[in-house]
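Each chain gets a letter, A, B and so on, in the order the sequences are listed, and its residues count up from 1. Worth saying up front: this structure is predicted, and the values here are computed from it rather than measured.
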Amino acid sequence: MGEYEPQRIEAKWQKIWEEQGAFNADRDPVRPKYYVLEMLPYPSGTLHMGHMRNYSIGDAVARFKRMRGFNVLHPIGWDSFGLPAENAAIKNGIPPRQWTNSNIQQMKATCKRFGFSYDWRREISTCEPEYYRWNQWFFLKMLGRGLAYRKLSKVNWCPQCQTVLANEQVVDGCCWRHETTAVEVREIEQWFLRITNYSDELLADMAELKDGWPERVLVMQENWIGKSRGTRVRFAVPDLSGIALEVFTTRIDTIYGVSAVLLSPHHPILSELVAGVPGAGAMEERLEAMRKVNLRAADLATAEKIGIFTGRFALNPFSGERVPIWVANFVLAEYGTGAVMCVPAHDQRDFEFAQKYHLPLKIVVQPLSGSVLRVDQMEQAYTEYGRSVDSGPYSGMESAAAIEKMTADAEAKGFGRAETTYRLKDWGISRQRYWGTPIPVVYCKKDGVVGVPEEQLPVRLPENVVLTGEGRSPLANVPEFLKTTCPKCGGPAERETDTMDTFVDSSWYFYRYTDAHNDRAPYDPSNVQYWFPIDQYIGGIEHAILHLIYSRFFAKVMRDLGLIQHGEPVRRLFSQGMVQKGGRAMSKSHGNVVGADEMAQKYGCDTARMYTLFAAPPAKDLEWSEDGIEGCSRFINKVYRLVDRHAQNLKNVESRLSESVDLSQATGKEKLLLRKAHQTLKRVTHDFESRWHFNSSIALIMEYYNEVQAQEPLDQGMRPEVAKRLVELLVLMLAPISSHVCEELWEMLGHSGGLARVSWPAFRDDLAKEEQFEIVIQINGRVRGKILVEDGLSEEETKERALADPRIAPLVQGRTIVKVIVVPRKLVNIVLR
RNA sequence: GCCCGGGUGGCGGAAUGGCAUACGCAGAGGACUUAAAAUCCUCAGGCCGCAAGGCCGUGUGGGUUCAACUCCCACCCCGGGUACCA
């Protein structure tokens, strides 16, 4: 009799897997491919249970799919450029590369300690020149196509990080990494990628993702792109010749209801507009105060509307009406034209604004049906489509038609035009940082901005750079990097000293896995052709916008470069819930990590992995607690002892697939357990295939075990080959989850060659079928009894037996049966009056 | 504000409109042991009752239905997202 020794077993099988190259995946013309991927980690130094949950889900799926006969690609790598390495260097004087690589070493050891079934030959690290040269290569391709460009632009500057932030890295006006540090605005020459060229396509192609991606991710991306069709209309300012205000509206049909023109407090024309107006000085002060207010997103929507009358008027180009020009705090400078028309009757914000400042309310759209709107009865704006009224020649038209006609007329008369606006902005990728991909460009006095020729790639990041964390890009202080010659004229030139946003690295890394060591191209397209798209991508919801929209953009650029044929890299996406500790996402920066190594040491990785799957459904957030992990540990122990108990007797027994069991010869005990086994198999298979409720799968397998346990001794009243198969089924169903111990148990049962070559057991309907059912008898919906009936009993007969039941009959006696509902195999409900 | 999740025992959680609380944790009792650990068995939503049994019970209030954790309406609370986008 042996003892379950997780540490010994886990080390043993990890070694065997490695020696066998058990998880190496190569192109295979026979088996169907399956590409399953977890988002690559940043090498912060510690893999915690949040990571482990992500990888445990992915690994269970990878192993299951292998057992289902797929050629599974399951790779891992390191997102190894980025700020923390540089900060560590500034703080402790350790070179970023050294810090990063030692972290990778540690985390890789932890990964191996958990036995994830990765093809380690394909490991990548984005900070290596072998990888980042292809970032530079892609950049140059985009430069050549005008998709990368430089512009002087306002940027978000975090005074803490001392660097530029992407729009996406600004959260509620503060830095995403320093939640209390307000972001400042600066103007610098920056490199941008023209993601907006793909706005429409990024939006349209979401239709392809509808079945495989979580709804909320698609909604978030849709909002992020923020497409809006409308009309740009010019309002002349009669007192100031040469000045006109342009507004953007999606409801040009309401323009006869305009009560004012509203400007953003940041509108560039403001100072010109208010110059010369009495009280301009005081007004400027109030405007400045309005500009300074910085609200959190949640408060924005409920914030009080504040306006300042400019003293100027504008002319409604349709009606000729003179309307006041106001500045309003709720008008956004960055969106549309920074100015809107105020239509109190048909926009809720305008309604509230008009009420406060007593601007007139004019109804110009009436509902197509229902009660007619009246000015003195309106309590909120009517924002639906309807029929135009009091709108000059457009009165009587339905809204959609009015919008079309009025836009066309505005265009014809030269004071407006149709316009589609987007919220999505081009992607600023310049970072004034050291630890990133150098942007492969030189500046020559004679030739200007020159891309580094492809054959000179990679532009290597110089080592041994002293990092201080001050101001500009550290690379500007490295003369041997900075000074170079112009590739065109050979004259003296300087290199670009900014590096790329690390989101560039992660925008295409999953293509590199298909051909990780190619030194002539980012990848061989034929490899991508074979492995793509990614069948299943698994990661945190926090990447719903940034990473996942940038990767989609990169795929489209690659397609336009002729490198790939598809436009969408990810077929199915799964967003697992966060692992939290103390109510916050587990992360090193929050200082609340539970180390994965510690768990493996304490319980073994099979237990730790099972527990991360058992503690909650994968999509749900999980507050980490060790309470309960003992249960998984105990369960694995029990399974081990069960197998151990019977291994001697069973290991030489010819393994009879349950698929070939002859039911007619089966004993009662055999039937009972085969039934339970196949009922479990059916549901567990379904969970793996589509539902991913691994917590329920594990519970079901536990139930199955309990049933087997209850039927001990298994060597009585049961043929050995059936007993063996029943135990095997238990092991096989657990194999994707707690793989090491299952390998060991499989071996103990007399098998060689490992589980990697074993197929997932086939489900057999006739074995799972119940012969008898317990029927619940209800009276008026309350349970009053139970009877056992054989399958196939007619409804009529079931009803008879229910009514005849000795517990039921007296209750029914003397009362009127209104009706009897019979649900086959489930219940009988007798409705009495 | 709006959008998306969610609210079930002491805890994590389970349940295609059909026995609410599976599975596990923690707990109580028992067996084994000199003892402890481990293991095994039993109990376990609340209230009333010696018991048989009854009543109540899935955030709150309504509704649909023979039957509602599940569907519909209104509301409360928690979490996440967010764009006052004209």
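- Base engagement by A/Val331 is indicated by at least one non-hydrogen atom pair under 4.0 Å involving a base atom.
- Among the protein residues, A/Lys786 comes within range of the nucleic acid bases, having at least one heavy atom under 4.0 Å from a base atom.
- Nucleic acid contact for A/Gln348: none, since no nucleic acid atom lies under 4.0 Å from a heavy atom of the residue.
- The backbone N or O of A/Ile325 lies less than 3.5 Å from a partner atom in the side chain of A/Thr310, making a donor-acceptor pair.
- In textbook terms, a nucleotide whose glycosidic angle is within 90° of 0 is syn, while B/G57, being further out, is anti.
- Among the heavy atoms of the strands, none lies under 4.0 Å from A/Arg229.
- For A/Asn706 and B/G24, the shortest distance from a side-chain N or O to OP1 or OP2 is below 4.0 Å.
- Nucleic acid contact class of A/Phe635 (heavy atoms, under 4.0 Å, all strands): none.
- Comparing the same atom, P, in B/G27 and in B/G80 gives a spacing of 32 Å after rounding to whole Å.
- In a base pair of the Watson-Crick type (N1 to N3 plus N6-O4 or O6-N4) or a G-U wobble (N1-O2 and O6-N3), with each distance short of 3.5 Å, B/C40 is matched with B/G30.
- Within the 4.0 angstrom heavy-atom criterion, no nucleotide atom of any strand lies near A/Asp350.
- Using a 4.0 Å heavy-atom distance criterion, A/Tyr335 is classed as a base contact.
- The partner of B/G5 is B/C78, judged by Watson-Crick or G-U wobble contacts that both fall below 3.5 Å.
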